[in-house]
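Here's the structure, in C-alpha cells; my notes come after.
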Protein chains: 2
Amino acid sequence: MLIGQVATEADVNVQTLRYYERRGLLARPSRTRAGYRRYPEETVRVVRFIKRAQDLGFTLKEIRELLRLRSDRRQNRDQMRTIAEAKILDVDARMRDLRRIRRALATLQESCECSSRTLDCPILEALESDAPARSRTSNGGRKKMRETP
Amino acid sequence: MLIGQVATEADVNVQTLRYYERRGLLARPSRTRAGYRRYPEETVRVVRFIKRAQDLGFTLKEIRELLRLRSDRRQNRDQMRTIAEAKILDVDARMRDLRRIRRALATLQESCECSSRTLDCPILEALESDAPARSRTSNGGRKKMRETP
DNA sequence: CTTGACCTTGTACCAAGGTACAGGGTCCAA
DNA sequence: TTGGACCCTGTACCTTGGTACAAGGTCAAG
C-alpha cells in the first residue's frame, strides 16, 4: 500500500504517517524505485492502535514502547516481562480512577436533587485519593515560602 | 489563601493557577485591597481534581465541563443529567479499552513463548474494535483519491 | 525605611502532536 | 505529451498545556 491509502484507511493525515515514522512509531517502510513508501497492510492496524491508545491518554512515547514490546518479543524476554508488568500497574491505576469518576457521574445524575449543598460535591470527591499521583511530568521542586503563622 | 499557598498545597506552579483562571477552570477569585487573589480552601481540591483528571486523558476543556456540572447543579438539571450521561458512556468506553489493553499485556507477560508468530500480536488486537472511534478532535474530511483498481 | 518574600500584569518561550505549504518528481489515462 | 492525482523532502506554522522572565507593587520584620 502507498501512503495515501494507508492514511485513508486509518483515517489520518498523510503527514501524520511521516511524522510517526520520524518519531519511531512506524518502521521505515521499503520504497518503490521512485522512492514511494510501500507499507504492509498491517500498518493500518498499527495506526488505528496508536489512535485508540492516544484516546486513552497514552503519549506517543509510551505507545512507541507498547509497540516495541510487540516486536522485541523474541529477545529480552525478562526485560519485556518487567515492562509489561509496569504497564499493567499503570493501566490498573487508570481504571481505578475511571471507576471513581464513573461513580461520581452516576451519583450526580441520579441524586442531584438530594445533596443540594454546594460542598461535598460528588465530582470533586471522585478523584480525592490517597493514591500517589502517577507519572505526570514531574515538577516537584518549588522554592522557599514565607512563614504562614 | 493566597495564590502561592494554593500552589504549594496543590503541588502546581503559581503560573498554572493563573493559566487555569484564564482558561475558565478556576473562577476569578476575590481580591485583597492590594489586588492579590484570595482563594477559598476548596480551590486546592479543585486543582488536585484537575490534575488527576488530566492523568486520565481528559483535556482541560473537558475538565472545565466536568467542573461546570458541579456548579450548575441547581439550574438546568435535565441538561446536566444529559451531559453526565454522555460522560458516563465515554468513561465506559475508556474502561473497555483499558481492559483490552490489560488483557493484552497480561497475555504478553505470561505467554510470550507460545505465540511466537509475529502476526496476531495481542498488543495490536487489544484495541481492534468495532466500536466507533470516540471524540478525538475530528478530522473527517479528506480529499478525492485516485482510483485503486 | 529597607530588604526579601511575596503578589501583579504582560509577553515570550517551550514541548508535544500535528498540519500546511513550497518546490519538485512520478505515473497513467486521454 | 500533458494534466491531475499522487508521491518526495524540507521548513514553517498551529494548538495545548504550561513555564519563564521583565518590570513593577505590597507587606512584615529587622
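Computed from a predicted structure; not experimentally measured.
- In this structure, the OH atom of B/Y39 is 11 Å from the C1' atom of C/dC7, given to the nearest Å.
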Between B/D92 and B/R96, does the salt bridge (charged side-chain N to carboxylate O under 4.0 Å, His left out) criterion hold? Intermediate values first, please. CA-CA 6 Å; B/D92 285 348; B/R96 269 196 303 280; 5.5 Å; no

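- Rounding to the nearest 0.5 angstrom, the gap separating the CG atom in B/L26 from the CD1 atom in B/I50 is 5.0 Å.
- Rounding to whole angstrom units, CD of residue A/E21 and C1' of D/dC7 are separated by 13 Å.
- Looking at A/F49 and A/L25, their side chains never come closer than 4.5 Å, going by heavy atoms from C-beta outward.
- Protein atom CG of B/L2 is 14 Å distant from nucleotide atom C1' of D/dG25, rounded to whole Å.
- Atom P of nucleotide D/dC8 and atom CZ of A/R33 are separated by 13 Å, given to the nearest angstrom.
- In terms of heavy-atom proximity, B/A10 sits nearest to B/V47 at CB-CG1, 3.6 Å.
- When rounded to the nearest whole Å, the span between CD1 of A/I3 and P of C/dC27 equals 16 Å.
- By the side-chain hydrogen bond (donor to acceptor under 3.5 Å, both in side chains) test, B/Y20 pairs with B/K51, sequence neighbours left out.
- The B/A34 side chain lies nearest to D/dT26 when the options are D/dT19, D/dT26, C/dT8.
- Looking at B/E62 and B/K87, their side chains come closer than 4.5 Å, going by heavy atoms from C-beta outward.
- A heavy-atom distance below 4.5 Å is found between the side chains of B/L60 and B/Q54.
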So which protein N/O to nucleotides 15-17 of chain C N/O distances come out below 3.5 Å?
unit_1: C/dG17; atom_1: OP1; unit_2: A/L60; atom_2: N; d: 3.1
unit_1: C/dG17; atom_1: OP2; unit_2: A/R23; atom_2: NH2; d: 3.4

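- Residue B/N13 places none of its side-chain N or O atoms closer than 4.0 Å to OP1 or OP2 of D/dG17.
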Filtered N/O pairs between nucleotides 22-25 of chain C and protein, under 3.5 Å:
unit_1: C/dG25; atom_1: N2; unit_2: A/Y36; atom_2: OH; d: 2.7

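- Counting only heavy atoms from C-beta outward, the side chains of B/R100 and B/D97 approach each other to under 4.5 Å.
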Give each protein N/O atom lying under 3.5 Å from an N/O atom of nucleotides 9-12 of chain D, with the pair distance.
unit_1: D/dT9; atom_1: OP1; unit_2: A/R31; atom_2: NH2; d: 3.1
unit_1: D/dT9; atom_1: OP2; unit_2: A/R37; atom_2: NH1; d: 3.0
unit_1: D/dT9; atom_1: OP2; unit_2: A/R37; atom_2: NH2; d: 2.8

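- Here the CD-CZ distance, from A/E65 to A/F58, works out to 11.0 Å after rounding to the nearest 0.5 Å.
- Between A/R38 atom CZ and D/dC7 atom P the separation is 12 Å, expressed in whole Å.
- Applying the salt bridge (charged side-chain N to carboxylate O under 4.0 Å, His left out) test to every pair with at least one member in residues 14-33 of chain A, sequence neighbours left out, gives these pairs: A/E21-A/R37.
- B/T43 is not listed as a side-chain neighbour of B/M1, based on a closest heavy-atom distance of 4.5 Å or more.
- Note on B/T16: a side-chain N or O is less than 4.0 Å away from OP1 or OP2 of D/dT19.
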